[in-house]
Amino acid sequence: MMFQGRFIKRVVILTGAGISAESGLSTFRDADGLWEQHDPMEIATPEAFARDPALVYRFYNARRKQLASVQPNAAHLALAQLQQAPDAEVFLVTQNVDDLHERAGSEQVCHMHGELQRMRCQACDSVLPALVSYDDASICAHCNTRGKLRPDIVWFGEMPYHMDLIDLKLANCDLFVAVGTSGVVYPAAGFVRQAGIQGGTTLEINKEISEVSNHFQLHRQGPATSEVTALVRELLAG
């Protein structure tokens, strides 16, 4: 593939809440920053789960239920199409915990912050599909322990998943694209600098300026549904 007159072989795409918001999925913070009179950022911590597990279960059960009401949008579909291109290696990493990339047809999705539709047992470390609502009486299907299942979500203060693999991909990419990210949450906010140091072209697609916009070489401002689809058309035509 060609991009900006340069041959592109290895691409890393980072997606954030903005791409899912265009499908109608609520972002982590809703309009007033509250959920049941609680700040979601105070719910998504190990301390919150230890203090009030019923509240945390209720929060994630509600978020999981919302997935049934939304569908992948044009940006999700375009990225899935790009991954199928025979002459490129496209590594998709997402900060999102929804399944919209998979439902759009992406066969490789690296969920660095975990997945809503999975639970993890703190007793045996097994990961289970989250097929129902959960509470502190739920039993692990692997070890039969009660009350040890937690959302398989990376909470504030915890280490994101797959960082070694992500670092390797960033160090070897020709093009790094961030889509719909705020540039606030680390380590994802630092990916642009990792890719840039290694000589990769860096492109930000966002509706508005992010906290790390100045670190990107290129910018395309607008909805992901239009800007990502346009970029994918350009890449596939090159």
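Computed from a predicted structure; not experimentally measured.
- A donor-acceptor distance shorter than 3.5 angstrom exists from the side chain of Arg146 to the backbone of Ala137, with no hydrogens or angles considered.
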- Kindly indicate, with the supporting measurements, whether the criterion side chain to side chain contact (heavy atoms under 4.5 Å, CB included) is fulfilled by Cys140 and Cys124. CA-CA 9 Å; Cys140 174; Cys124 68; 3.8 Å; yes

- Starting from the C-alpha separation in whole Å, work towards a yes-or-no answer on side chain to side chain contact (heavy atoms under 4.5 Å, CB included) for Gln221 and Lys207. CA-CA 5 Å; Gln221 194 164 352; Lys207 283 186 174 181; 5.7 Å; no

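- For the atom pair Ser138 OG and Tyr57 OH, the distance stands at 6.0 Å (nearest 0.5 Å).
- Here Leu218 contributes atom CG and Ile205 contributes atom CD1; the two are 10.0 Å apart, rounded to the nearest 0.5 Å.
- Taken together through direct or relayed side-chain contacts under 4.5 Å among Ile, Leu, Val, Met, Phe, Trp and Tyr, Phe59 and Val70 form part of one hydrophobic cluster.
- The shortest distance between side-chain heavy atoms of Leu203 and Phe3 falls below 4.5 Å.
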- Item | From CA spacing to verdict: side chain to side chain contact (heavy atoms under 4.5 Å, CB included), His38, Leu55 | CA-CA 10 Å; His38 298 278; Leu55 175 67; 3.8 Å; yes

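- Considering all non-hydrogen atoms of both residues, Ala80 and Ala104 come closest at CB-O, 3.5 Å.
- A salt bridge links Arg220 to Glu234: one of the charged nitrogens lies within less than 4.0 Å of a carboxylate oxygen.
- The 12-atom threshold is exceeded at CZ of Arg6, counting heavy atoms of other residues, nucleotides or ligands nearer than 6.0 Å.
- Counted by atom type alone, Arg64 and Asn61 present one or more donor-acceptor pairs between their side chains at under 3.5 Å.
- Distance check: Lys9 NZ to Cys173 SG gives 14.5 Å after rounding to the nearest 0.5 Å.
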- Task: Begin with the C-alpha distance, continue with both residues' side-chain angles, and end with the deciding distance and a verdict on side chain to side chain donor-acceptor pair (under 3.5 Å) for Gln83 and Gln108.
- Result: CA-CA 8 Å; Gln83 285 189 308; Gln108 176 276 310; 3.1 Å; yes

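- Distance CD/Gln117 to CG/Asp98: 9.0 Å, rounded to 0.5 Å.
- Residues Gln81 and Leu236 meet the side-chain proximity criterion, which asks for heavy atoms closer than 4.5 Å.
- Here the shortest heavy-atom pairing between His162 and His111 reads CD2-O, 3.7 Å.
- Atoms NE2 and CG, on His219 and Asn206 in that order, are 9.5 Å from each other to the nearest 0.5 Å.
- Following chains of ILVMFWY side-chain contacts shorter than 4.5 Å, one cannot reach Val192 starting from Val177, and the two form parts of different hydrophobic clusters.
- Under a hydrophobic clustering in which Ile, Leu, Val, Met, Phe, Trp and Tyr are joined whenever their side-chain heavy atoms come within less than 4.5 Å, directly or via other members, Ile197 and Phe216 fall into different clusters.
- The backbone N or O of Lys148 sits nowhere less than 3.5 Å from a side-chain atom of Thr145 that would complete a donor-acceptor pair.
- Using a 4.5 Å heavy-atom cutoff, the side chains of Pro46 and Glu158 are in contact.
- Relative orientation of the Trp155 and Tyr60 rings is tilted, given thresholds of 30° and 60° on the angle between their planes.
- Summarising the geometry of Ile8 relative to Val11, their closest heavy-atom pair is CG2-CG2, 3.4 Å, with the distance given to 0.1 Å.
- By the 4.5 Å heavy-atom criterion applied to side chains, Asp152 and Leu128 are not counted as neighbours.
- The main-chain N or O of Thr225 is found under 3.5 Å from a side-chain atom of Glu22 such that the two form a donor-acceptor pair.
- Counted by atom type alone, Ser23 and Ser20 present zero donor-acceptor pairs between their side chains at under 3.5 Å.
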- Message: Test side chain to side chain donor-acceptor pair (under 3.5 Å) on Thr15 and His101; report intermediate values, then the result.
- Response: CA-CA 10 Å; Thr15 61; His101 282 301; 2.9 Å; yes

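- When atom types are taken as modelled, the side chain of Thr229 and the backbone of Ser226 share a donor-acceptor pair closer than 3.5 angstrom.
- Judged by distance alone, with hydrogens and angles left aside, the side-chain atoms of His76 form a donor-acceptor pair with the main-chain N or O of Asn73 at under 3.5 Å.
- Put simply, the side chain of Val56 does not reach to within 4.5 Å of the side chain of Asp52, judged on heavy atoms.
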- Task: Starting from the C-alpha separation in whole Å, work towards a yes-or-no answer on side chain to side chain contact (heavy atoms under 4.5 Å, CB included) for Leu175 and Leu235.
- Result: CA-CA 11 Å; Leu175 173 64; Leu235 290 171; 4.2 Å; yes

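- Across Ile153 and Leu116, no two heavy atoms sit closer than the pair CD1-N, 3.8 Å.
- Linking ILVMFWY side-chain heavy atoms closer than 4.5 Å, directly or via other members, places Tyr134 and Phe49 in a single hydrophobic cluster.
- Cluster annotation: Leu25 is not connected to Leu79 through the hydrophobic network of ILVMFWY side chains, with a link wherever side-chain heavy atoms come within less than 4.5 Å.
- Closest heavy-atom contact between Phe176 and Phe191: CZ-CB, 3.6 Å.
- Here the side chain of Gln194 pairs no donor or acceptor atom with the backbone of Leu170 at under 3.5 angstrom.
- Formation of a donor-acceptor pair under 3.5 Å by the Ser106 side chain with backbone atoms of Val109 is not found in this model.
- Arg10 contributes a side-chain N or O that, together with a main-chain N or O of Asn172, makes up a donor-acceptor pair within less than 3.5 Å.
- Put simply, the side chain of Pro187 reaches to within 4.5 Å of the side chain of Pro160, judged on heavy atoms.
- The shortest distance between side-chain heavy atoms of Gln217 and Thr201 falls below 4.5 Å.
- Applying the 6.0 Å contact sphere to NZ of Lys65 captures no more than 12 heavy atoms from other residues, nucleotides or ligands.
- With Gln95 contributing its side chain and His113 its backbone, the two residues share no donor-acceptor pair below 3.5 Å.
- Counting heavy atoms from C-beta outward, Val93 and Ile13 have side chains that stay 4.5 Å or more apart.
- Separating the OG atom in Ser210 from the CD atom in Glu204 is a distance of 3.5 Å, to the nearest 0.5 Å.
- Nearest heavy atoms, Asn96 versus Gly16: ND2-O, 2.9 Å.
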